[in-house]
Amino acid sequence: MDHAIWAEGLVKHFGETKALDGVDLAVRPGTVLGLLGPNGAGKTTAVRVLATLLRPDAGRASVNGYDVVNDAHQVRQLIGLTGQYASVDETLTGTENLLLIGRLLGIPKPQAKQRARELLAQFELTDAASRATKTYSGGMRRRLDLASSLVGRPTLLYLDEPTTGLDPRARAELWELIRRLVAGGTTVLLTTQYLDEADELADEIMVIDHGRVIASGTPDELKAKTGSQTLAVRPAEREHLPIVTSVVGELACATPDVKGRLVTAQVTDPKVLPAVVRKLDDAGVVVTELALRTSSLNEVFLTLTGHPAEETDENGTDGSDQTERSAA
Amino acid sequence: MTAITATPPSAPALSPRVSPIDGVRQSLTLAWRTIVQVRHNPWELGDFSFQPIMFVLLFTFVFGGAIAGDWQGYLQFMLPGMITMNMLFVTMYVAQGLNTDLTKGVFDRLRSLPIARWAPLAGRIAADQVKQAWSIVLVLGIGLIMGFRIGTNVGGLLVAIVLLLVFALCFSWVSVLVGVLARDPERVQIFGFTALFPVTFVSNVFVPTETMPGWLQAFVKVNPVSILSDACRALMLGDKTVGTPWHVGSAGPPVVQSLIWAAAIVLVFAPLSVWALKRKI
């Protein structure tokens, strides 16, 4: 088989809402596909269909050649799922949560205990192993959630917004864990609202909006298309604004956007920063702010669709992934 | 950077379905989870022990004399009904546990595992039988300390307990439906208790049916809470009036009627609950 995950024309409605509107995707074994999109874009629905939790209204999908509807039981033996909402039993300890999954998978008790110990050590939760998980921090919960999905050594892992709501340090730790999993040969389907997360982890990115794939490619291809970074310059003097705008416009790949005294533009090449500094210095312009930062999902969306990513839609066709779940 | 090995060296053969025996084993594993929860938090047992203790004391000593002439006689009459009523309240914990699993995403995790589709629900219902058994033993124990006397024998008492647990098992399907329909665990409490209060109080748990107005008697007589209470009275006190001011009938008819009610509840609520659950997830 060529693809670990393969889907064609997936459609899923929740009442009037089209959560998935003909999604095709393919993930090669051992690679990471990042599904990038705002809340309510259909990312969670796609994962739930591929994890056999939802039946698609139309289209087909398979995991290692097993159909997600007809061979659901086989698919479940291959996958691990880490949901957007850390789905650990809060009243159980870390060890007990992992032991429960191990026992459900039919692993004999001594081996299940051994596996729980291993995972807790790998995820640096050994110290908290015998504490109820309701006392865990957000980052610890996510780590335990991820560990829970690995008990059965799945070859495929679905990570639905694994770092949403985590602080930067916990986020970086989780990224590191995911990288190690991928290095171990696991195929990963990752959903995220953050461009930098997809950029960090994914071999290929698919941008989805309103249940449709609006762009796909490697992170580099996507960056080349949209401008991966945003350059921001604020001159000290208002009269320098035209010079700054023209300098930025010359070096950036898009027309600069001027808000007040702040000039911003999408750029692809980080080398523009020193170039901007040189040119502004030559022109004798003093700046109070000069920054190069990763573009937000909003900025990418603006470039790709011409409209900003909407958090909520006036038609009620959008909403968070939570409402997506309960809308059924 | 060390790789976390997640891939087995060779892919094992995948089984196409779960055997029923595995399903039972998985349900028991999930039931174990609830036992562990109670072990971690024994206060939870205390939470649902306090109210029945208060009720038994209150009804026996405050109302008992006024209702039955003397509190000892009233205790004999009321306790089997109190055991029934309290156990039905305890079945609402099925709803609360299920709703917590649904809202916290635990149910999704379980459904993504290669386990029997019915195991998460069966495990939840099975686990709560432990709490129901505890509630029976608790109220019975308080009663015995206060002077409740078994008029039959251990056999009759055991049959009563088994009957109560079978009824609770069937009645759990009502609780499952509540758990699925409620928006959050807090609302389960309100929803469940609002529904259970009138059904349990408008029964013969506290007073004999004959003392009520005729139009109400019609309802009280068919109320399964009354029927099950009557069955327990007969099984615990015996055919003859044992220390109660009122007559206790024979056990046969109320036991059979209780079982018919239990079967009817399953027939209506099991498909309804499964349908609601499928719609929700």
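Lettering follows sequence order; numbering is per chain, from 1.
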Given the options [options], which has more heavy-atom pairs under 4.5 Å with chain A than any of the others?
options	result
B:Arg39, B:Arg17, B:Arg117	B:Arg117
B:Ile115, B:Leu30, B:Leu113, B:Val36	B:Leu113
B:Ser112, B:Pro16, B:Pro114	B:Pro114

task = Counting only heavy atoms closer than 4.5 Å, note whether B:Leu110 contacts chain A via side chain, backbone, both or neither.
result = side chain
ask   = Are B:Phe89 and B:Phe197 near enough that their ring centres are under 6.0 Å apart?
value = yes
[X] portion near chain B, given a 4.5 angstrom heavy-atom threshold:
X	result
A:Tyr158	neither
A:Glu90	side chain
A:Asp71	neither

request  = Might you confirm whether atom CH2 of A:Trp6 has over 12 heavy atoms from other residues, nucleotides or ligands at distances under 6.0 Å?
outcome  = yes
ask   = Are A:Arg180 and A:Glu176 close enough for a salt bridge, meaning some N to O gap below 4.0 Å?
value = no
ask   = Taking 4.0 angstrom as the limit, do A:Asp160 and A:Lys43 come out as a salt bridge?
value = no
Could you give the side-chain donor-acceptor pairs of residues 73-80 of chain A under 3.5 Å, partners two or more places apart or in another chain?
| unit_1 | atom_1 | unit_2 | atom_2 | d |
| --- | --- | --- | --- | --- |
| A:Arg76 | NE | A:Thr52 | OG1 | 2.9 |
| A:Arg76 | NE | B:Arg111 | O | 3.3 |
| A:Gln77 | OE1 | B:Ser15 | N | 3.2 |
| A:Gln77 | NE2 | A:His73 | O | 3.1 |
| A:Gln77 | NE2 | B:Ser15 | O | 2.7 |

task = Determine whether the side chains of A:Asp145 and A:Thr82 contain a donor N or O and an acceptor N or O closer than 3.5 Å.
result = no
